[in-house]
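Computed from heavy atoms alone, side chains included, the values below leave out hydrogens, waters and symmetry copies. Everything quoted here is computed from the prediction, not taken from an experiment.
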Amino acid sequence: MKKHKISAQPATEEDKQFMREAIRLASESVRNGGGPFGAVILKDGEIVAGCNNRVTINNDPTAHAEVTTIREACQRLNTYDLSGCRIYTSCEPCPMCLGAIYWARLDRIYYGNTRKDARDIEFADDFIYEELDKPLDQRTVPIIPLLREEAAESFRLWQEKSDKTTY
């Protein structure tokens, strides 16, 4: 994973315009029965994807605005690597969305509300961040290692594969 040098550049009027689109999508989501989150992804100054939260609409706990926007952008650009793209999201990404953003290799994240703001309206983002800081044996949901030796077979196969696409 490449590292980016953090720049202290102030947000531009264009950045504010794209954040307002993410915020508009979040409000639209609430009006249509979804959660209060929206996101857009840009490449070369153009929106390539914009989605809102669809968790309750699709009965899919992974259908957060950032994840659905990443999925849409990857489909439209025909790639799993969104290097060169930025994401604007109406709220600081939860751990799942942050992980997806890193896996997708987005260059920059702009956000509106904080995870503490999300906690204040009863979303569990902050709780999950706190859980990640705990040792495995102290987490709320038990995490139990099982059959590691057998599971290692797929890793051995991957390591030996000469035509793999690493990601």
> Transitively linked via ILVMFWY side-chain contacts under 4.5 Å: I70 with L98?
Replying inline: yes

>> Is the shortest side-chain heavy-atom distance between C74 and D81 below 4.5 Å?
In response: no

>> Show, in sequence, the C-alpha distance, side-chain angles and deciding distance for F155 and E153, and conclude whether the side chain to side chain contact (heavy atoms under 4.5 Å, CB included) test is met.
In response: CA-CA 5 Å; F155 279 19; E153 175 64 17; over 6 Å; no

>> Can you give me the closest heavy-atom contact between A22 and A39, atom names plus distance?
In response: CB-CA, 4.0 Å

> Looking at T69, V40, I41, which hits side chain to side chain contact (heavy atoms under 4.5 Å, CB included) with V48?
Replying inline: I41

> Does N58 have any side chain to side chain donor-acceptor pair (under 3.5 Å) partners at least two apart in sequence or in another chain, and if so, which?
Replying inline: none

> Are any of the side-chain nitrogens in K116 or D125 under 4.0 Å away from the carboxylate oxygens of its partner?
Replying inline: no

> Going by heavy atoms in the side chains, are P95 and L132 under 4.5 Å from each other?
Replying inline: yes

>> So, using side chain to side chain donor-acceptor pair (under 3.5 Å) as the criterion, who are the partners of E46 when residues are at least two apart?
In response: none

> Any donor-acceptor pair under 3.5 Å linking the side chain of S90 with the backbone of L25?
Replying inline: no

> Under 3.5 Å, is there a donor-acceptor pair linking the side chains of R71 and T62?
Replying inline: yes

>> Looking only at side-chain N and O atoms, does E92 offer a donor or acceptor that is under 3.5 Å from a partner on T114?
In response: no

> If you count the non-hydrogen atoms of other residues, nucleotides and ligands that lie under 6.0 Å from CZ in R156, is the total more than 12?
Replying inline: yes

>> Evaluate L136 against R139 for side chain to side chain contact (heavy atoms under 4.5 Å, CB included), listing each step before the verdict.
In response: CA-CA 6 Å; L136 294 181; R139 293 188 182 169; 3.5 Å; yes

> Do K161 and D163 sit within salt-bridge range, that is, some charged N less than 4.0 Å from a carboxylate O?
Replying inline: yes

>> Just checking E131: does its CD atom have more than 12 heavy atoms from other residues, nucleotides or ligands closer to it than 6.0 angstrom?
In response: yes

> If you measure from the Lys or Arg side-chain nitrogens to the Asp or Glu carboxylate oxygens, is any gap between K134 and E130 under 4.0 Å?
Replying inline: no

>> Please check if the number of heavy atoms outside Q159 that lie under 6.0 Å from its CD is greater than 12.
In response: no

> According to the ring-ring contact (aromatic ring centres under 6.0 Å, His included) rule, which pairs have a member within residues 18-44, sequence neighbours left out?
Replying inline: F18-Y88, F37-F123

> Does a side-chain N-to-carboxylate-O contact under 4.0 Å join R31 and E28?
Replying inline: no

> If you take all heavy atoms of K164 and W158, which pair is closest and at what distance?
Replying inline: NZ-O, 2.9 Å

> How far apart are the closest heavy atoms of A73 and A49, and which atoms are they?
Replying inline: N-CB, 3.5 Å

> Do the numbers put R115 on top of the ring of Y129, so that NZ or CZ is under 6.0 Å from the six-membered ring centre and no more than 45° off the axis?
Replying inline: yes

>> When you measure from the side chain of R54 to the backbone of A65, do you find a donor-acceptor pair of N or O atoms at a distance under 3.5 Å?
In response: no

> Closest heavy-atom contact between A151 and S154?
Replying inline: O-OG, 3.2 Å

> Any donor and acceptor pair, going by atom type alone, linking the side chain of S29 with main-chain N or O of N52 inside 3.5 Å?
Replying inline: no

> Would you say the side-chain atoms of T68 pair up with the backbone N or O of H64, donor to acceptor, closer than 3.5 Å?
Replying inline: yes

> Is there side-chain contact between I101 and T89, with heavy atoms separated by less than 4.5 Å?
Replying inline: no

